[in-house]
J.: 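After the structure tokens below, expect a handful of questions from me.
This one's a predicted model, so the numbers in the text were calculated from it and none came from an experiment. Each chain gets a letter, A, B and so on, in the order the sequences are listed, and its residues count up from 1.
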Amino acid sequence: MRYSRSFIPTLREDPAEARKNPSHRLLLRGGYVRQIGAGIYEFLPLGLRVLKKVEGIVRAEMDRAGALEVMMPALVPADLFKETGRWDLFGSTLFRLKDQKRNDYHLGPTHEEVITDMVRATVRSYRQLPINLYQIQWKYRDEARPRAGLLRCREFLMKDAYSFDVDEAGALASYRTMREAYIRIFKRVGLDFRIVAADSGAMGGSTSAEFQILAETGEDAIVVCTQCDYAANVEAATAKPVEAAAVTVEASTQRPKEVATPGKKTIEEVAEFLGVDATKTVKAGAFLYGKAPGDAGQLVLVFVRGDRRINEVALARETGAQWLRPAEDEELTARGVVAGYIGPQGLPAGVEKVLVDRELTSAVDTIVGANKAGFHVKHMSMPLAVNALGERASWADLRAVGKGDLCPSCGGGLEEYKGIEGGHIFVLGTHYTAKMGAKFLDDKSQEKHIVMGCYGIGVSRLVAAAIEQRYDESGIRWPMAIAPYHVIITALQNDGAVMETAVKLYEELTALGVEVLLDDRDERPGVKFKDADLLGVPLRLTVGKKTLDQGKVELKARTEKDVSLVDVSAAVELVASRVKAELA
RNA sequence: CGGGGAGUAGCACAGCCUGGUAGUGCACCAGCUUUGGGAGCUGGAUGUCGCGGGUUCAAAUCCCGCCUCCCCGACCA
């Protein structure tokens with residue numbers, strides 16, 4: 001492509017509304033995309049080339065794994081979601097609309113119901129299974145807060161595959177096949193990623209894993225063991241409990257004693273006031289939760305070590321809550337609980353449920369709230385307190401795990417990283433097929449529900465994630481596999497031998513299947529260099545009078561500092577082989 | 001959904017407090033010069049000042065209502 005004939009409206013300055021996020025900023029500045037609304041984007045030619053490259057890799061690997069591509073409607077009649085209850089469960093995130101007959105529809109945020117409907121209408125026998133169907137389509141979610149450019153959109157390109165098997169073992173095999181395909185995809189795209197254990201959330205599945213792309217700007221926190229292959233989203237992470245020996249036990253015989261802590265409510269305040277470390281205190285959290293939308297909230301008190309944070313996802317899992325939120329002070333007062341001074345002993349009868357983090361099994365001499373304004377209790381033993389609460393209390397893993405914790409599987413150190421969720425794979429079981437009556441006859445003439453799995457990749461999100469992982473102050477640094485062009489030829493003079501040589505290189509490389517952007521614009525060299533860096537094309541061939549007089553052109557990689565002078569006659573072969581090598 | 005900020009030319013912004021012919025830089029067009037890391041000079045074109053209403057002789061500016069976008073948080077199958 002000749003730059004002079006292309007449509008690449010680069011911006012010299014940062015758009016005001018995209019300064020916070022590198023990929024957003026660079027995609028806009030590089031003329032890849034344009035924002036047209038919150039979380040809604042146009043893909044310009046360059047952006048579309050990148051998107052199609054990612055899509056192509058995903059498609060190739062899905063096909064290789066035996067999945068079959070289908071196309072489903074984005075506009076979906078509400079009946080299907082009503083069958084599984086997701087019409088209500090999805091809540092405000094679902095884009096809903098009515099047709100002229102006032103019937104309900106939604107824009108597909110994901111297509112489990114639609115694909116299950118397709119399968120239940122056509123599959124009758126175990127002989128038709130297993131099958132894996134996938135789609136690469138625009139999906140819609142009315143995000144409460146779209147942000148970070150392509151990373152969290154309301155309209156986004158998604159690959160979703162859905163597997164259907166005769167039993168759990170089959171589903172697990174399908175899951176493993178997808179897992180392998182995903183590894184190939186993320187590697188081919190050129191991403192640094194980790195496969196982490198994930199919370200299955202409301203998908204109702206059992207086995208699941210996330211493919212997290214490591215990036216400073218990631219929204220997710222993950223922990224990775226430095227010694228084994230344990231890795232988990234912090235929402236799902238557990239850690240080896242701290243050994244009892246690590247806690248002082250000599251004072252455990254002391255009797256609990258109330259101390260005045262007037263006005264000291266937070267752990268920081270209490271710890272400082274009493275002159276102890278936060279680890280020697282216990283933090284209380286109070287939450288209201290319900291098991292169905294619109295339930296009257298039920299109160300649960302949570303205790304973790306003072307320096308810990310409560311993992312609300314783990315709490316939701318433990319309580320079976322469908323929704324969960326911190327309780328307001330007034331709601332606590334109404335139940336006889338004193339906000340800021342909550343402790344495990346002497347709790348009012350209004351408190352029916354208490355969960356204590358397992359780490360506190362060793363907390364035999366700790367500081368807790370006194371359930372009385374202005375007082376805390378020293379020398380409290382959490383195990384004794386839990387016993388005293390009887391059936392109201394139980395132990396659970398509720399603390400947010402982080403750096404410094406020990407690996408639950410090998411005891412090694414855990415590191416914490418930020419990640420962008422690029423893919424998520426689930427075994428769903430019969431969650432959807434049972435609700436929707438997707439059945440088949442097995443080889444014993446028994447009617448059974450199909451066992452399902454689903455596997456998503458955020459295709460448009462990967463475009464942004466790749467940038468988040470690879471950029472510098474000058475612009476993007478695309479991996480070869482998804483770069484809009486493999487090489488940019490920068491012609492420093494716009495005429496004579498320089499342009500002739502540039503065109504010749506362009507034509508020869510193109511003939512070899514190398515994708516070339518020829519900067520033949522009537523611009524000064526500085527402008528061309530700046531744009532080349534901003535666009536992030538992996539290789540740059542610079543043709544200029546100075547070096548051409550000696551029969552040379554310059555070759556530079558976007559990720560390297562050095563420039564190498566190469567013979568014009570050797571340039572094509574050199575570039576072509578390098579491109580081929582990086583794509584392999 | 002709670003809190004904060006912002007809407008003026010393609011982009012970045014000033015002007016608003018204190019009402020009086022809408023500005024600056026970059027980009028764009030023309031000419032001359034320049035030509036290896038976002039050139040210089042001269043001239044030019046470009047605006048429903050987010051939308052609607054109100055006050056006023058007069059509104060980008062003051063008042064009321066609305067919309068949109070961004071950031072933090074909540075949320076995120």
J.: Reckon A:R524 has a side-chain N or O less than 4.0 Å from the OP1 or OP2 of B:rA39?
T.: yes
J.: Side chain of A:R29, base of B:rG38: donor and acceptor closer than 3.5 Å?
T.: yes
J.: Counting only heavy atoms not in A:R34, do more than 12 fall under 6.0 Å of its CZ?
T.: no
J.: Of the nucleotides B:rG37, B:rG36, B:rC69, which has the atom closest to the A:T542 side chain?
T.: B:rG36
J.: Would you indicate whether A:K82, at its atom NZ, is surrounded by more than 12 heavy atoms from other residues, nucleotides or ligands within a distance under 6.0 Å?
T.: yes
J.: Among B:rG36, B:rG37, B:rC76, which nucleotide has an atom closest to any side-chain atom of A:R152?
T.: B:rC76
J.: Any side-chain N or O of A:R145 under 4.0 Å from OP1/OP2 of B:rC72?
T.: yes
J.: Considering only heavy atoms and no angle criterion, is a donor-acceptor pair shorter than 3.5 Å present between the side chain of A:E13 and the base of B:rG10?
T.: no
J.: Suppose you measure atom C1' in B:rA60 against the same atom in B:rA14; what distance do you get, rounded to whole Å?
T.: 12 Å
J.: If we take the C1' atom in both B:rC57 and B:rC72, what is their distance in whole Å?
T.: 46 Å
J.: In terms of side-chain heavy atoms of A:A38, which of B:rG38, B:rA12, B:rC70 is nearest?
T.: B:rC70
J.: Side chain to side chain contact (heavy atoms under 4.5 Å, CB included) for A:V58 and A:Y134? Distances and angles first, verdict last.
T.: CA-CA 11 Å; A:V58 172; A:Y134 77 98; 5.7 Å; no
J.: Under a 4.0 Å N-O cut-off, is there an ion pair linking A:D117 with A:R120?
T.: yes
J.: When you measure only distances, ignoring hydrogens and angles, does the side chain of A:R540 come within 3.5 Å of the base of B:rG37 through a donor and an acceptor?
T.: yes
J.: When you compare B:rG25 with B:rC41, how far apart are their P atoms, in angstrom units rounded to a whole number?
T.: 10 Å
J.: Ignoring backbone atoms, establish whether A:Q493 has a side-chain N or O less than 4.0 Å from OP1 or OP2 of B:rG36.
T.: no
J.: Would you say B:rG38 has OP1 or OP2 under 4.0 Å from some side-chain N or O of A:R12?
T.: no
J.: Please give the distance between the P atoms of B:rC51 and B:rG7 as a whole number of Å.
T.: 14 Å
